[in-house]
Enquirer: 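Sending over a structure as structure tokens; questions will come in a sec.
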Amino acid sequence: MRFIHYFTGSIHFFLQAALLTLELTAAALAMGTVIGLIFALMKISGRKPLRYIADIYITVIRGTPLIVQLFVIYFGLASVVDFGSFWSAAIALAIHNGAYIAEIFRAGIQSIDRGQAEAARSLGMNYKLTMRRIILPQAFKRIIPPLGNQFIIGLKDSSMAAFVTVPELFGVAMQLASNHFADLQFYSIAGLYYLALVLMFTLLVNWLERRLQVEKIQ
Amino acid sequence: MIKVHGLNKWFGKMQVLKDVNLAVREKEVVVLIGASGSGKSTLLRCLNFLEHPEKGRIEFDGRAVNPAQDDLNLLRRDMGMVFQHFNLFPHMTVLGNVIEAPVMVKRMRREEAVAEAKLLLAKVGLADKVDAYPCHLSGGQQQRVAIARSLAMHPRVMLFDEPTSALDPELVGEVLAVMKQLAKEGMTMIVVTHEMGFAREVADRVLFMDEGQIIETGTPEQIFERPVHPRTRDFLSKVLWGPFPQPAAGILQNNVFAGYSTAAV
Ligand SMILES: Nc1ncnc2c1ncn2[C@@H]1O[C@H](COP(=O)(O)OP(=O)(O)O)[C@@H](O)[C@H]1O
Ligand SMILES: [Mg+2]
């Protein structure tokens, strides 16, 4: 029953760390979603240079490990400005998730029938209005399941921030494990916290999906 | 009102429009007929620059449109377009569909736009569907909403691309009735359709398109009763279905009728 002992004894540390994990994830995914939307629009744009830039970004990010990106950005940023470890990690995670979110947005936008944009344009709506009022609201409903999935991956991947000294869940687990010589117990406890967060988040996504489904859509 | 000079359009290596010339006067109703793939939709879509022609000139109200410099959104406000598949916005109610462009593009006050939208919906016979969503309407009703949505921008010309081709036969009539009413009110219209009864009754001029060219032009009587070009005759004999009000003798003699009846118009 040493496990229970460790669990109850560390609740205070882990709850604080879980909060940091949530903050890190929220910051990273909020920025990542904006980045994703921008690059998705670049990728479907009529301008070749924009498409090209988006292609390079997505290819590089998807083709390299997150831990490498995290270190490159952490040390790269540190040599220019000091954002602190939290924001360096948040920016790195945002850039990482942004590439996947860009592909999710692109697929969602392109799944909307071309006739929708044509009808909007034929009414005199410009590109921005057409996107904002006609395409994105429809695409959004289709994007929610894959986006929720990516958010869960982003939440779990935020554990990598421990390696750039952010004291989030995994970082605290590493610390406690080495202090108490109890690796198995503390890493298992960290896993339980991640699982709880993911389950909470899954419920939220499911609820959102159901809500959008009862609205009238074709 | 609309003049087209030497319009050419390619899709890759395939030339879809070949030196098309066309002039449409104010209040004129022009019906465009021709086999599938002959370039009718492309021509219509070039008029409001949903497609960009590689060569040729399009004049609107005596001014040549320069797509590189002119604000095409302004041009498109003046040209309503009705599509084969309606293309209503599924996430908005019928009313939302109709007021969207007046409010967002013309910056009309919402109450004003709503009042006008209700009048327009009443005009197309859908006053009771204001708050319905498109997915709850029949095809004929959806197309009438699409027409009202276009009219809400007060276009100077209406382009129709096979507006009844996606409808069940019994729903064709209600859409054609609205279009007829529009024509009667003096709307300038360019209509791509296979509804020959509508063409005969409403068109001032019928154009026959074949492989990217307009190869025959004339009044409905000329085109349907005395088609000159062999391709026109060939096409009409294949397409003409259902009874005319007064069947055209010239066509009837060498025709294979499909015995297919479209709704009374
Ligand atoms: N976006 C496009 N890309 C490539 N080919 C196209 C495109 N749109 C139409 N076409 C081709 O152009 C030709 C004319 O098409 P269209 O104007 O739709 O004819 P219609 O409306 O008379 O049936 C067809 O062969 C069609 O396959
Ligand atoms: Mg067509």
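Proteins get letters first, then strands, A, B, ... in listed order; numbering begins at 1 in each.
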Enquirer: Please classify the contact of Asn126(A) with chain B as side chain, backbone, both or neither, using a heavy-atom distance under 4.5 Å.
Expert: both
Enquirer: With rounding to the nearest 0.5 Å, note down the distance linking CZ in Phe89(B) to CD in Gln138(A).
Expert: 8.5 Å
Enquirer: Tell me whether the count of non-hydrogen atoms from other residues, nucleotides or ligands lying under 6.0 Å of CZ in Phe140(A) goes above 12.
Expert: no
Enquirer: Just verifying a value: how many Å separate Asn87(B) CG and Glu118(A) CD, rounded to the nearest 0.5 Å?
Expert: 7.0 Å
Enquirer: Decide if atom CZ of Phe86(A) counts as having more than 12 heavy atoms of other residues, nucleotides or ligands within a radius under 6.0 Å.
Expert: yes
Enquirer: Counting only heavy atoms not in Tyr187(A) (residues, nucleotides, ligands), do more than 12 fall under 6.0 Å from its OH?
Expert: yes
Enquirer: Which residue out of Ala117(A), Gly115(A), Pro137(A) racks up the most heavy-atom pairs below 4.5 Å with chain B?
Expert: Gly115(A)
Enquirer: Within this structure, what is the CG-CG distance for the pair Asn73(B) and Leu123(A), rounded to the nearest 0.5 Å?
Expert: 11.0 Å
Enquirer: Determine whether more than 12 heavy atoms belonging to other residues, nucleotides or ligands lie under 6.0 Å from atom CZ of Phe13(A).
Expert: no
Enquirer: Between Arg149(B) and chain A, with a heavy-atom cut-off of 4.5 Å, which part of the residue counts as in contact: side chain, backbone, both or neither?
Expert: both
Enquirer: What part of Glu100(B) lies closer than 4.5 angstrom to a heavy atom of chain A: side chain, backbone, both or neither?
Expert: side chain
Enquirer: Counting heavy atoms not belonging to Lys118(B), are there more than 12 under 6.0 Å from its NZ?
Expert: no
Enquirer: Working to the nearest 0.5 Å, report the span between OG of Ser122(A) and CG of Leu44(B).
Expert: 10.5 Å
Enquirer: Crowded around Arg63(B) CZ? As in, over 12 foreign heavy atoms under 6.0 Å?
Expert: no
Enquirer: Would you give the length of the straight line joining atom CE of Met125(A) to atom CE of Met104(B), rounded to the nearest 0.5 angstrom?
Expert: 6.5 Å
Enquirer: Nearest 0.5 Å, please: how far is CE in Met92(B) from CZ in Arg133(A)?
Expert: 4.5 Å
